[in-house]
Amino acid sequence: MTLSAAALALSASGPAAADTSDKTIALSNNYAGNSWRQAMLASWKKITDKAVADGLVKSADAFTTAENQATEQAAQIQNMILQGYSAIVVNAASPTALNGAVKEACDAGIVVVSFDGIVTEPCAWRVAVDFRKMGEGQLDYLAGRYPDGGNLLEIRGLAGTSVDTEIHEGIAKGVEAHPKFKIVSAVQGDWTQTVAQKSVAGVLPSLPEVVGVVTQGGDGFGAAEAFKAAGRPTPTIILGNREDELRWWKAQKDASNYETMSVSIAPGVSTLAFWVAQQILDGQEVPKDLVVPFLSIDQAGLEKSLETTEAGGVANVEYSQDDAKTVIAGSAK
């Protein structure tokens with residue numbers, strides 16, 4: 001498991017006192033239908049509950065829309081404006097469709113920090129990994145495994161989100177860099193193994209032999225199950241750090257020395273976004289764009305990662321206030 005030293009610069013002491021004890025922060029989340037989002041919400045609650053108990057902020061409420069609709073999330077944000085939150089942390093359904101509501105929040109003096117699914121409204125802050133690099137890296141890995149290239153199946157994420165678009169663009173760039181590979185089919189997986197399994201099963205009868213499956217996370221185990229049910233050889237499936245994927249990988253590794261890699265953004269990035277909002281409320285100078293590393297697992301690190309990943313969960317790292325200060329300082333250079 002690899003993560004930059006900056007992101008893991010955990011402080012041995014407690015968080016420093018900050019003049020934000022009367023501030024209220026809300027999380028606006030558009031979707032909770034997979035293990036990554038559930039882990040993200042659990043991390044938020046764990047870290048923010050302690051921050052509230054320590055008196056660093058007054059409250060840190062989390063809200064998730066019933067449907068993954070940008071219009072619904074925009075209305076949710078407008079309601080948060082009316083409630084007078086000091087800051088709103090957003091995992092956005094769309095990079096652009098929420099911009100109007102975000103601008104309303106900014107105009108009302110509310111700090112807006114987007115993460116994972118970011119927004120493009122200039123008044124907001126953005127905390128994200130380089131998703132294009134994450135997609136491109138899958139092709140670099142496969143090129144090392146298959147010098148002669150081959151056919152690939154692509155499983156995409158939640159349509160309309162910045163994350164889906166950027167990972168897809170990275171994969172496309174990776175194919176350009178390694179032209180011996182060809183995407184022969186692309187299906188929607190919604191970052192959920194059940195949806196991915198059904199989508200992959202639907203195209204397998206017409207699919208030629210593939211050497212690899214490029215993914216976005218939450219879809220690898222579903223893809224493996226679809227290939228198994230169809231009686232087809234299992235290609236190299238890039239995984240997304242979910243516990244069910246890691247457990248499946250371990251079983252295949254033990255049985256036949258199956259090799260792959262796993263990569264995703266840590267669900268705990270929500271906690272980094274929380275601390276970024278808190279630092280902005282505390283009057284600190286924070287760059288508008290903060291880039292954090294993605295969390296990757298290789299063949300040698302599989303067992304250790306699996307040991308520390310909760311059943312039904314996702315390989316994760318949570319951030320402290322000092323981590324946020326380190327990331328902010330690094331991004332300001």
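Side chains are part of it too, since the values below use all heavy atoms of this structure and drop only hydrogens, waters and symmetry mates. In this chain, residues are counted from 1 in sequence order.
- With a 4.5 Å cut-off on side-chain heavy atoms, Val163 and Leu158 do not count as touching.
- Of the N and O atoms on the side chains of Ser43 and Asn316, at least one donor lies less than 3.5 Å from an acceptor on the other residue.
- A 4.5 Å side-chain heavy-atom check between Leu41 and Leu27 finds at least one atom pair inside the cut-off.
- When only modelled atom types and interatomic distance are considered, Tyr141 and Ser296 share no side-chain donor-acceptor pair under 3.5 Å.
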Q. For Leu56 and Trp275, what are the C-alpha separation, side-chain angles and deciding distance, and is it a side chain to side chain contact (heavy atoms under 4.5 Å, CB included)?
A. CA-CA 10 Å; Leu56 290 177; Trp275 288 119; 3.6 Å; yes
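- A side-chain donor-acceptor contact under 3.5 Å links Ser320 and Asp323.
- Side-chain N or O atoms of Ser331 include none that pairs as donor or acceptor with a backbone N or O of Ile328 at under 3.5 Å.
- Distance NZ/Lys288 to SG/Cys123: 6.0 Å, rounded to 0.5 Å.
- Between the side chains of Thr65 and Gln73, no donor N or O sits under 3.5 Å from an acceptor N or O.
- Atom NE2 of His168 and atom CZ of Arg132 lie 11.0 Å apart (nearest 0.5 Å).
- Proximity of Phe115 to Ser270: side-chain heavy atoms (C-beta onward) are separated by under 4.5 Å at one or more points.
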(Q) Run the side chain to side chain contact (heavy atoms under 4.5 Å, CB included) test on Arg242 and Gln193 for me, step by step, so that the C-alpha distance in whole Å, both residues' side-chain angles and the decisive distance to 0.1 Å come before the verdict. (A) CA-CA 10 Å; Arg242 277 62 171 176; Gln193 67 111 338; over 6 Å; no
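- Contact between Leu281 and Ser86 at its shortest, heavy atoms only, is CD2-O, 3.7 Å.
- For the atom pair CG of Leu290 and CD1 of Ile118, the computed distance is 11.0 Å after rounding to the nearest 0.5 Å.
- In this structure, a donor-acceptor pair under 3.5 Å is present between the side chains of Tyr85 and Asp61.
- Proximity of a side-chain donor or acceptor of Arg145 to a complementary backbone N or O of Ala143 within less than 3.5 Å is not detected.
- Of the N and O atoms on the side chains of Ser262 and Asn241, at least one donor lies less than 3.5 Å from an acceptor on the other residue.
- When every heavy atom of Pro205 is checked against every heavy atom of Ala201, the shortest pair comes out as CD-O, 3.3 Å.
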Q: Show your reasoning for whether side chain to side chain contact (heavy atoms under 4.5 Å, CB included) applies to Asp282 and Ile280.
A: CA-CA 5 Å; Asp282 192 40; Ile280 297 166; over 6 Å; no
Q. Can Trp125 and Val89 be said to form a side chain to side chain contact (heavy atoms under 4.5 Å, CB included), step by step?
A. CA-CA 9 Å; Trp125 281 261; Val89 175; over 6 Å; no
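- The line from NZ of Lys50 to NZ of Lys45 is 14.5 Å long, rounded to the nearest 0.5 Å.
- At least one side-chain heavy atom of Glu303 sits less than 4.5 Å from a side-chain heavy atom of Lys250.
- Within the 3.5 Å criterion, the main-chain N or O of Gly312 finds a donor-acceptor partner in the side chain of Glu243.
- The one candidate from Thr64, Asn29, Thr192 that meets the side-chain hydrogen bond (donor to acceptor under 3.5 Å, both in side chains) condition with Arg37 is Asn29.
- Considering every non-hydrogen atom in both Val119 and Ala124, the closest pair reads CG2-CB, 3.7 Å.
- Listed here is the closest heavy atom pair of Thr48 and Ala60: CB-CB, 3.5 Å.
- Inspection of the Thr20 and Gln278 side chains reveals an N or O donor paired with an N or O acceptor under 3.5 Å.
- The line from CG of Leu139 to CD1 of Ile183 is 6.5 Å long, rounded to the nearest 0.5 Å.
- In terms of heavy-atom proximity, Ile81 sits nearest to Ala101 at CD1-O, 3.8 Å.
- In this model, no donor atom of one side chain and acceptor atom of the other lie less than 3.5 Å apart for Asn91 and Ser114.
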Q: Take Asp289 and Arg126 through the test salt bridge (Lys or Arg N to Asp or Glu O under 4.0 Å) and record every step on the way to the result.
A: CA-CA 5 Å; Asp289 291 281; Arg126 286 160 290 279; 2.7 Å; yes
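- Using modelled atom types, no side-chain atom of Glu121 and backbone atom of Val102 make a donor-acceptor pair closer than 3.5 Å.
- Contact of the Val129 side chain with the Val291 side chain is not registered, since no non-hydrogen atoms from C-beta on lie closer than 4.5 Å.
- Side chains of Ile77 and Leu98 form a contact here, defined as non-hydrogen atoms less than 4.5 Å apart.
- In terms of modelled atom types and a separation under 3.5 Å, the side chain of Arg156 and the main chain of Ile167 share no donor-acceptor contact.
- Residue Val195 is not grouped with residue Val203 when hydrophobic side chains (ILVMFWY) are merged at heavy-atom distances under 4.5 angstrom, including chains of intermediate members.
- Hydrophobic clustering (ILVMFWY, side-chain heavy atoms < 4.5 Å, transitive): Phe294 and Val276 are in one cluster.
- Salt bridge status for Lys173 with Glu169: absent, with no side-chain N to carboxylate O gap under 4.0 Å.
- Formation of a donor-acceptor pair under 3.5 Å by the Thr271 side chain with backbone atoms of Gly268 is found in this model.
- Trp36 places a side-chain N or O within 3.5 Å of a backbone atom of Ile265 that can act as its donor or acceptor partner.
- Side-chain N or O atoms of Glu72 include one that pairs as donor or acceptor with a backbone N or O of Ala66 at under 3.5 Å.
- Within the 4.5 Å cutoff, no side-chain heavy atoms of Glu259 are placed close to those of Lys253.
- Take Tyr258 and apply the ring-ring contact (aromatic ring centres under 6.0 Å, His included) test, not counting sequence neighbours, and it matches Trp248.
- In this structure a side-chain-to-backbone donor-acceptor pair under 3.5 Å is missing from Thr236 to Thr260.
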Would you list the atom pairs, donor with acceptor, under 3.5 Å between side chains in residues 209-233 and any protein atom, with sequence neighbours excluded?
residue, atom, partner, partner atom, Å
Thr215, OG1, Ile238, O, 2.6
Gln216, OE1, Gly157, N, 3.2
Gln216, OE1, Trp191, NE1, 2.9
Gln216, NE2, Asp164, O, 3.3
Gln216, NE2, Asp164, OD1, 3.0
Asp219, OD1, Gly217, N, 3.3
Asp219, OD2, Gln216, N, 3.2
Arg232, NH1, Leu204, O, 2.8
Arg232, NH1, Leu207, O, 2.8
Arg232, NH2, Leu207, O, 3.3
Arg232, NH2, Pro208, O, 2.9

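- Distance NZ/Lys180 to CG/Leu142: 14.5 Å, rounded to 0.5 Å.
- Two different hydrophobic clusters hold Val52 and Phe63 under the rule that ILVMFWY side chains link at heavy-atom gaps under 4.5 Å.
- Partners of Trp44 by ring-ring contact (aromatic ring centres under 6.0 Å, His included), not counting sequence neighbours, listed by chain and number: Phe274.
- Cluster membership check: Ile88 does not share its hydrophobic cluster with Val111, using side-chain heavy-atom separations under 4.5 Å among Ile, Leu, Val, Met, Phe, Trp and Tyr.
- Side-chain contact check for Val112 versus Val90: some heavy-atom pair is nearer than 4.5 Å.
- Using a 4.0 Å cut-off between charged nitrogen and carboxylate oxygen, Lys46 and Glu318 count as a salt-bridge pair.
- Thr309 and Val314 get closest at one heavy-atom pair: CG2-C, 3.5 Å.
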